[in-house]
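Just below is one structure, and these are the notes that go with it.
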2 protein chains.
Amino acid sequence: MTQPQRRRIPEAAVNRLPVYLQILNNLHATSVLRFSSDELAVLAGVNAAKVRKDLSYLGSYGTRGVGYEVTYLIHQIKRELGLLREWNVVVVGAGNLGCALAKFGGFAPRGFPVVGIVDNDPKKIGQSTGWLTIGDVRNLGKIVRDLNVTIGAITTSTATAQSAVDALIDAGVASILNFAPIVLATPSSVSVRNVDLGVELQILSYYEQMRTEKIEGAKTAKAPSSVSV
Amino acid sequence: MTQPQRRRIPEAAVNRLPVYLQILNNLHATSVLRFSSDELAVLAGVNAAKVRKDLSYLGSYGTRGVGYEVTYLIHQIKRELGLLREWNVVVVGAGNLGCALAKFGGFAPRGFPVVGIVDNDPKKIGQSTGWLTIGDVRNLGKIVRDLNVTIGAITTSTATAQSAVDALIDAGVASILNFAPIVLATPSSVSVRNVDLGVELQILSYYEQMRTEKIEGAKTAKAPSSVSV
DNA sequence: TGTTGTGAACGCTTTCACAGCT
DNA sequence: AGCTGTGAAAGCGTTCACAACA
């Protein structure tokens, strides 16, 4: 009862918190001290009521008639998202993308140091990329335990992605960032985020087609009828 | 009235169609001819009723008691998503990521050829990367018109991302794939898909923390009380 | 018989609207 | 007076359950 009793935040809200955090970090860098839900809503491109509801899941940290404090809210969002500590990442698959992630210095400062990279190709094992030496995927379990890894990034070929995931789960990793264009089979206790540019492009294609058809239609059709908004 | 009167498909369903397409392509490669909503549901990790609803937005292309034909559904999904034609892509920002996208051969075969790449750095302009020569961002309008570009990929630094978007919109591009960790200001007629690994990692962090706390709690607390599911 | 296609019920998310504080 | 915090309403998306039909 002393603790504010952690509620489970709706998934939709969780997905927006990192966006708010990004914006608040920018405001902080610009020496802005306070913000209102209206201001953040404009910057995030959402409704002000949604901002207030989302922030209310963190607790009642605003001041009526005034607004929210930038630094305080940054801290609260970080606390809620679990960003007050570091989460170690291991990359599985030392191809172009995998090595790029290993070399990219942008994750460690954000709290996600890449502490290991592995592959199943004997030619690659032992070579170094950035600060890391490519390890053997068969040692994944040891690496995960020894280096306290909590997040696995799958950058293998599509064909080997599932076995890479199995190895990660076997090693005790429950958070997976998947770059392979495939739906992974995982127990429901495991969190998976898929990053597939093909999917993103195809979704863009749909909306682009909608626009194109509407324009063509307006030019061609005698009576465009009511293209329901 | 001759046309099946294109309905507007719910956004949530549009986001799943590329996933179904991926799976059906795999089935096709494995010489599978037919599938039922149950089978696709298992492969996609969703509910069978959802699969049927989603596919029903395309039209009534299944056969009761039998299922759906793989090749026919692949065609229908492609038609719906606008994948029966090519959509040309221009990359704005010739850094590591931008050049990687330009060199990566995986987009053209999927119907999204990268036909141009531009930057604002005089040192980079004129150099070549893959098949392309880096152009001047000030010529973006001409490039978009001459090469019939419909999709712009933002791979600039965060600081210049907004001006890159403005240039793209000015040039008439209405579909944007944004890799910069920033919320872009765009008119509502423009489609934006954000790809931000930082955001993905932070969301994973949240669920990882939830798991960790639950485990810690179970070990520490006298009475774990009802941690509401 | 087996599977689709779809109304209807349900549950989650968004938005409204305003009481409650500062 | 101004802005937050939040019940209540409205809007969507998901799932159920079964009629329709090959």
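What you are looking at is a predicted structure, and each value in this text was computed from that prediction instead of being measured. Scope of the values below: all heavy atoms of this structure, side chains included, with no hydrogens, waters or symmetry mates.
- The nearest whole Å value for the distance from the CD atom in A/Glu11 to the C1' atom in C/dT14 is 16 Å.
- Note: CG (B/Asp38) to C1' (D/dC16) measures 14 Å, nearest angstrom.
- Distance, A/Lys50 NZ to D/dT4 P: 17 Å, rounded to whole Å.
- A close approach under 4.0 Å does occur between a side-chain nitrogen or oxygen of B/Ser37 and OP1 or OP2 of C/dT4.
- When distances run from any side-chain atom of B/Ala12 to the nucleotides C/dT4, D/dT14, C/dT13, the shortest one goes to D/dT14.
- Residue side chain A/Arg64 does not reach the base of C/dT22 through any donor-acceptor N/O pair under 3.5 Å, judged by distance alone.
- B/His28 has its side chain out of reach of B/Leu24: every pair of non-hydrogen atoms, C-beta onward, lies at least 4.5 Å apart.
- Nearest-nucleotide positions on DNA chain C place B/Gly65 closer to the 5' end than the other of A/Thr63 and B/Gly65.
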N/O-N/O pairs, protein side and nucleotides 16-18 of chain C side, under 3.5 Å:
from: C/dC16; atom 1: OP2; to: A/Asn47; atom 2: ND2; distance (Å): 3.4
from: C/dA17; atom 1: N6; to: A/Arg52; atom 2: NH2; distance (Å): 3.2

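- Two residues are said to be in side-chain contact when any heavy atoms from C-beta on lie closer than 4.5 Å; B/Pro181 and B/Thr158 meet this criterion.
- Residue contacts for A/Arg16: at a heavy-atom cut-off of 4.0 Å it reaches the sugar-phosphate backbone alone, with no base atom in range.
- Applying the 4.0 Å criterion to OP1 and OP2 of C/dT13, one finds that A/Tyr57 has every side-chain N and O outside that range.
- Atom-to-atom, CD1 of B/Ile9 to P of D/dT14 comes out at 13 Å; the value is rounded to the nearest Å.
- Here the side chain of A/Pro10 is nearest to one of C/dG5, D/dG5, C/dT13, namely C/dT13.
- Between A/Val66 and B/Gly62, the one whose closest nucleotide on DNA chain C sits nearer the 5' end is B/Gly62.
- Rounded to whole Å, the distance from CG on B/Leu40 to P on C/dG5 is 13 Å.
- Relative ring orientation between A/Tyr61 and A/Tyr72 is described as perpendicular, the plane-to-plane angle rising above 60° on a 0-90° scale split at 30° and 60°.
- Without hydrogens or angle criteria, B/Arg110 side chain to A/Gly198 main chain gives no donor-acceptor distance under 3.5 Å.
- For the pair B/Leu58 CG and C/dG5 C1', the interatomic distance rounds to 13 Å; values are reported in whole Å.
- The OH atom of A/Tyr61 sits 16 Å away from the P atom of D/dT4 (whole-angstrom rounding).
- Between A/Tyr68 and C/dT22, a side-chain N or O to OP1/OP2 separation shorter than 4.0 Å is absent.
- Distance, A/Asn15 CG to C/dT13 C1': 12 Å, rounded to whole Å.
- Looking only at side-chain heavy atoms (C-beta outward), A/Ser205 and B/Phe112 come within less than 4.5 Å of each other.
- Few gaps surround CG on B/Asp166; more than 12 heavy atoms of other groups in view lie less than 6.0 Å from it.
- Side-chain atoms of A/Glu208 and B/Ser175 include a donor-acceptor pair closer than 3.5 Å.
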